[in-house]
Amino acid sequence: MTNQDLEKLVDTSDEWITTRTGIKERRIIKRGEKTSDYCIRAARQAMEAAGVVAEELDYIILATISGDMRFPATAIFVQAALGAVNAAAWDISATCSGFLFALHEAEALIALGRAKRILAIGSELLTPMTDYTDRGTCILFGDGAGAVVVTEAEDEERGVLSTYIGTSGDQADLLYCIGSGTAGSFSSGLATNGEHLLRMNGNEVFKNAVRTMGKAAVTTLKRAGLNTDEVDWLVPHQANIRIIEATASRLHLPMEKVIVTIHKYGNTSSASVPTALDEARRDGRIRDGQVVLCVAFGGGFTWGGAAIRF
Ligand code: UT7
């Protein structure tokens with residue numbers, strides 16, 4: 001869906017969307033596609049790249065706020081499709097920071113010796129919950145999935161150097177979707193009155209995102225014992241190019257060191273960091289031995305960071 005397509009739906013323009021968000025187009029699901037379909041495709045590509053087969057997986061952790069069903073967890077469908085018979089699979093809900101929460105969990109489980117190989121996925125189909133009459137939100141979101149396989153490090157110098165996650169539950173009213181949750185009218189069988197749609201106070205979320213992404217990046221680096229000048233690549237959550245630029249500026253990193261995909265995919269929430277990581281790894285920008293700093297911020301609020309040496 002291009003900005004020109006959106007010009008036909010709401011009072012907006014390619015010029016406004018491009019200058020205020022950096023987005024030119026976003027990917028939209030085909031009718032009938034489910035979040036698990038996206039996850040399965042991403043998971044297969046990640047396992048192939050890692051040289052890991054499904055039976056070797058100990059856990060599958062899927063970050064999503066847009067799962068196939070209320071229950072069971074979408075990760076269950078991914079497990080079945082992959083044939084990951086030795087894995088336990090579950091979902092986590094941490095909005096746009098979800099993938100970094102999954103990575104945090106995966107890294108901890110491996111460090112504790114509870115697992116050797118974990119599939120961590122971030123996937124969202126946000127367009128079904130997007131209100132295409134609200135120009136403040138409908139221009140932003142796209143659908144996607146990204147996956148990584150986290151394994152025990154063969155070399156102590158490489159791997160996940162630090163992770164950091166945080167939440168502040170007192171600002172949940174700034175970005176939410178009631179959906180079929182018990183806070184809404186769905187559970188009493190009443191009409192949903194638009195409760196299935198995502199609601200956001202864009203401006204307030206923007207200000208919090210700028211403040212928090214920078215802080216989360218600094219904390220993540222500190223935990224890894226790294227200085228900013230040791231970072232080869234910043235892989236930020238792709239919500240708005242102005243938020244990305246502000247985060248890079250806070251770290252004194254030039255934009256040449258920042259992986260940007262927002263112009264092509266829009267905001268894909270928990271899928272944005274793993275898809276950006278994958279793209280930069282496959283096209284040869286992220287090379288072995290380089291340090292990558294990932295950082296994200298999302299509704300709740302939630303935030304997270306990870307420093308990784310590839
Ligand atoms: O994924 C993590 C969470 N999400 C985010 O981080 C998103 C954070 N928020 C944002 O990216 C930005 O706040 C938006 C892109 C959503 C909005 O940009 P903004 O610079 O904060 O604009 P605004 O909401 O302050 O609105 C400025 C003006 C308003 O008009 P008036 O009142 O000044 O006349 C809006 O009505 O822009 C208007 N506007 C639009 N105009 C054309 C809002 N949306 C649009 C639009 N096209 N699509």
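When a ligand or atom number is given, it counts from 1 through the structure's own listing order. The residues of the chain are indexed from 1 along the displayed sequence.
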Applying salt bridge (Lys or Arg N to Asp or Glu O under 4.0 Å), can you list everything that pairs with E48, at least two apart in sequence or on another chain? none
Listed once per pair and sorted, the salt bridge (Lys or Arg N to Asp or Glu O under 4.0 Å) pairs that draw on residues 90-117, sequence neighbours left out: K116-E152
May I ask you to say whether D288 pairs ionically with R158, meaning some side-chain N is under 4.0 Å from a carboxylate O? yes
Electrostatic pair R20-E15, nearest N-O below 4.0 angstrom: no
Do I65 and F141 belong to the same hydrophobic cluster, where Ile, Leu, Val, Met, Phe, Trp and Tyr are linked whenever their side-chain heavy atoms lie under 4.5 Å apart, directly or via other members? yes
Those residues at least two apart in sequence (or on a different chain) that pass ring pair (Phe, Tyr, Trp, His ring centres under 6.0 Å) with Y59 are W90
Can you list every protein residue that has a heavy atom under 4.0 Å from any atom of ligand 1, sorted by chain and residue number? D11, T12, W16, R20, T21, C96, R135, G136, I139, L140, L175, M200, G202, N203, V205, F206, H237, A239, N240, R242, I243, N267, F297
